[in-house]
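Heads up, the thing below is written out as structure tokens.
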There are 2 protein chains.
Amino acid sequence: MNLKDLSQHLGLSPTTVSRALNGYPEVNEATREKVMAAAKRHNYKPNTRAIRLATGRAMAVGHVIPIETRHEIVNPIFADFIAGAGETYARAGYDLILSIVPDGDEARAYREMKSRGNVDGVIVHSPRHDDFRIGLLHDIAMPFVVHGRATGAALPYAWVDVNNRRAFHRATDFLLDLGHRRIGLINGLEFMDFAIRRRAGFVQALTARGMTETPALMRAVEMTEANGYIAARDMLAQTPAPTAFLVSSMIMALGTRRAIEEHGLIMGRDISVIIHDDDLSYMQNGADVPIFTATRSSVRAAGRLAASMLLDTIANPTPTPATHLLEAELIIGQSTGPAPNRS
Amino acid sequence: MNLKDLSQHLGLSPTTVSRALNGYPEVNEATREKVMAAAKRHNYKPNTRAIRLATGRAMAVGHVIPIETRHEIVNPIFADFIAGAGETYARAGYDLILSIVPDGDEARAYREMKSRGNVDGVIVHSPRHDDFRIGLLHDIAMPFVVHGRATGAALPYAWVDVNNRRAFHRATDFLLDLGHRRIGLINGLEFMDFAIRRRAGFVQALTARGMTETPALMRAVEMTEANGYIAARDMLAQTPAPTAFLVSSMIMALGTRRAIEEHGLIMGRDISVIIHDDDLSYMQNGADVPIFTATRSSVRAAGRLAASMLLDTIANPTPTPATHLLEAELIIGQSTGPAPNRS
DNA sequence: AATCATATTCAAACCGCTTTGGAAGCCTTA
DNA sequence: TAAGGCTTCCAAAGCGGTTTGAATATGATT
């Protein structure tokens with residue numbers, strides 16, 4: 001059942017039927033109701049392909065997931081971020097197109113999306129320091145929103161980000177207040193923008209109290225459980241050992257905890273741990289009482305927000321792009337306590 | 001730059017240019033080369049929307065992710081499965097459309113995809129026992145491949161699945177051979193088909209040795225770290241306590257290990273653990289020596305396979321759908337050992 | 001009653017490609 | 001030399017909607 005069939009059935013022209021269904025004012029209310037009823041009765045759904053060609057809009061947004069060809073790691077937060085974004089798109093009648101692209105191929109992928117016209121805009125994931133994609137998308141005039149920021153980008157651009165620097169500053173302060181002086185940082189790879197900012201927050205908090213960072217107590221690794229374990233194990237082997245860890249993800253923290261327990265220590269008593277918690281649905285930080293003290297910010301909510309910002313930009317592009325800095329909440333769990341007496 | 005422009009530029013008809021670019025035989029080789037060269041020079045990419053309308057193919061496949069409205073859990077294996085599938089689609093020039101759909105809305109979502117024609121086929125995720133989607137998709141003649149199986153489905157359908165029953169049978173056998181007699185099963189929710197099969201494998205292995213299953217040692221929970229912890233903790237509180245656990249996912253197993261260590265036991269010595277390992281990229285089971293003894297099957301490889309099966313079905317629908325049963329490998333890690341002497 | 005504004009409807013062009021059904025040109029073949 | 005067969009190209013008709021520009025009907029105004 002297509003528009004022509006339906007209009008013949010109604011004894012009306014396709015024009016009128018189309019207008020009736022799309023809420024245009026120049027159609028008699030009585031006719032509109034008849035059309036609506038007939039459309040429902042015959043279960044008429046306009047063909048997406050035809051709409052797209054006729055209107056010139058793709059009614060779809062792209063999420064380009066770069067796969068690091070060396071590591072082939074799929075960032076586990078994508079699932080939740082995209083679930084959040086997907087809710088927004090569904091409501092707006094947009095499709096979500098997922099492109100898995102080897103990281104060398106990204107520029108080509110974006111250009112092709114533009115010239116083939118199968119998306120109206122894109123979400124940029126995992127920005128690096130001074131990320132080339134921002135300039136590129138700007139050049140080809142493809143609407144976009146970045147999940148995260150890319151320090152060093154020359155042009156203004158739309159983004160949603162957690163205040164990573166402040167979150168880690170606060171977390172570090174919290175540990176310092178508890179008397180911890182040797183704090184290990186287990187961070188993500190520091191070509192990722194968020195990791196740079198977290199490190200900065202950590203270092204700033206130390207220097208604000210007249211301390212300096214200890215390179216031996218700082219790690220920047222791919223955020224897996226195994227790496228969280230290795231980093232913590234190695235630092236615990238030092239003398240003096242750290243009395244607290246600041247860990248950049250829940251998954252790494254599971255490895256950190258493993259190293260701690262293997263070392264015969266009790267987390268929250270002998271050693272403190274603060275994590276950053278993306279509030280992943282399959283990786284909840286405890287139910288009632290959080291296991292880990294954490295700086296928390298829902299990546300799913302960020303997905304919802306980024307998506308609706310993108311739809312806004314597509315609908316009416318503005319010269320000054322919107323930005324949203326989300327503050328992480330600091331929630332107290334069972335994994336932190338006063339620094340043990342060095343006696 | 002569109003086809004018309006390009007053809008005018010070349011002094012040819014759009015027909016000939018289109019045919020030249022699409023490799024049709026009825027065009028002079030010399031002309032074809034000229035056309036190809038001009039297309040490259042002007043960076044001509046045919047408009048996807050127009051191709052789709054003209055050919056009637058969507059050149060896209062849908063992945064419908066049901067979100068359980070009660071739990072709102074996003075299955076963390078999606079990220080890797082979709083990364084695998086995405087590789088296949090990219091090579092074939094297909095788009096991957098991701099639909100996040102509240103679980104009550106699935107039927108409507110599929111019907112709409114069909115009538116709007118924005119996908120040529122779909123992958124069905126997380127099948128339940130006797131899943132209604134199989135009949136539905138069959139009825140509306142939408143090509144599909146199921147990731148997993150749905151026992152009880154009346155019609156034949158295409159699927160890719162791990163031999164879950166055998167995997168858990170073998171894993172249980174392995175534990176029994178080590179002398180374990182009280183084995184705890186920490187399974188996923190048992191309305192999911194894979195969980196039913198794993199349970200069946202477990203029970204069959206026991207009965208094959210004249211044992212019967214102990215309901216107190218079996219849990220079916222949502223597969224989160226916290227639930228893995230709770231299930232293990234509760235079972236360890238029983239007397240006699242289990243000497244081994246069979247755990248349905250890596251993430252749950254992290255919780256299980258936490259309970260074990262909290263209980264003052266050493267995994268691999270005091271208590272054994274076998275897991276099912278989906279070989280997730282961000283959740284590797286150790287590098288050289290696996291942490292957990294595991295039945296392993298790459299969900300990413302399953303994604304690749306499912307995707308290419310789907311593209312095959314779309315290209316030439318066959319009356320007898322293809323099926324692929326993947327065998328999990330049993331890999332020995334550090335988490336298993338002989339049952340401790342009950343002395 | 002003629003004029004004009006307004007409300008309602010429609011025919012046809014258009015979006016950018018594919019594909020059908022010729023047609024022209026050139027060789028063969030009888 | 002006419003007929004038939006290839007090769008190569010093209011005009012035009014889709015695909016299924018939206019949108020422009022015009023036509024018709026209705027009611028109000030003078």
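Below, chains carry the letters A, B, ... as their sequence lines are ordered, and counting in each starts from 1.
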For this session: May I ask you to decide if the ring planes of A:Y157 and A:F144 are parallel, tilted or perpendicular, using 30° and 60° as cut-offs?
Result: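 Rings of A:Y157 and A:F144: parallel, as their planes differ by under 30°.
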Exercise. Angle class for the B:F81/B:H147 ring planes (parallel below 30°, perpendicular above 60°, tilted otherwise)?
Worked result: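 Judged by the thresholds at 30° and 60°, the geometry between B:F81 and B:H147 is parallel.
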For this session: Please map the stems of DNA chain D, keeping only stretches of three or more Watson-Crick or G-U wobble pairs with both distances under 3.5 angstrom.
Result: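 For DNA chain D the paired stretches long enough to count as stems (3 pairs minimum) are C:1-30 with D:1-30.
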From [atom1] ([X]) to [atom2] ([Y]), nearest 0.5 Å:
X: A:D278; Y: A:N75; atom1: CG; atom2: CG; answer: 8.5 Å
X: B:L21; Y: B:T16; atom1: CG; atom2: OG1; answer: 10.5 Å
X: B:M113; Y: B:I97; atom1: CE; atom2: CD1; answer: 6.5 Å
X: A:L311; Y: A:T88; atom1: CG; atom2: OG1; answer: 7.0 Å
X: B:I140; Y: B:K114; atom1: CD1; atom2: NZ; answer: 6.5 Å

For this session: Select base, sugar-phosphate, or nothing to describe what B:G117 touches, counting heavy atoms under 4.0 Å on all strands.
Result: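 Result for B:G117 = nothing.
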Exercise. Which ones in residues 26-47 of chain A lie close to DNA chain D, meaning a heavy atom under 4.0 Å from one of its atoms?
Worked result: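 DNA chain D contact set from residues 26-47 of chain A: A:Y44, A:P46, A:N47.
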Problem set entry | Those residues of residues 49-59 of chain A lying under 4.0 Å from DNA chain C by at least one heavy atom |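 Per residue number, the list reads A:L53, A:A54.
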Between atom [atom1] in [X] and atom [atom2] in [N], what is the gap in whole Å?
X: A:N118; N: C:dC17; atom1: CG; atom2: P; answer: 13 Å
X: A:L12; N: C:dA7; atom1: CG; atom2: P; answer: 19 Å
X: B:L10; N: D:dT8; atom1: CG; atom2: C1'; answer: 16 Å
X: A:L21; N: D:dT18; atom1: CG; atom2: P; answer: 8 Å
X: A:L3; N: C:dC14; atom1: CG; atom2: P; answer: 19 Å
X: A:N2; N: D:dT18; atom1: CG; atom2: P; answer: 12 Å

Exercise. Would you say A:H63 and A:F78 make side-chain contact, with heavy atoms under 4.5 Å?
Worked result: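 Contact flag for A:H63/A:F78 side chains = no.
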Exercise. Under 4.5 Å between any side-chain heavy atoms of A:R111 and A:L136, yes or no?
Worked result: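 Heavy-atom side-chain distance check passes, below 4.5 Å.
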Problem set entry | Neighbour count >12 (heavy atoms, 6.0 Å) for atom CZ, A:R116 |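 Yes, the 6.0 Å shell around CZ holds more than 12 heavy atoms from other groups.
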OP1, OP2 of [N] versus side-chain N and O of [X]: anything below 4.0 Å?
X: A:T16; N: C:dC10; value: yes
X: A:N22; N: D:dT18; value: yes
X: B:Y24; N: C:dT19; value: yes

Problem set entry | SB check A:R52 A:D95 (cutoff 4.0 Å) |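 Yes, A:R52 and A:D95 are salt-bridged.
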Exercise. 5'-most contact on DNA chain C: B:R19 or A:T15, nearest heavy atom basis?
Worked result: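 Going by which nucleotide is closer to the 5' end, it is A:T15.
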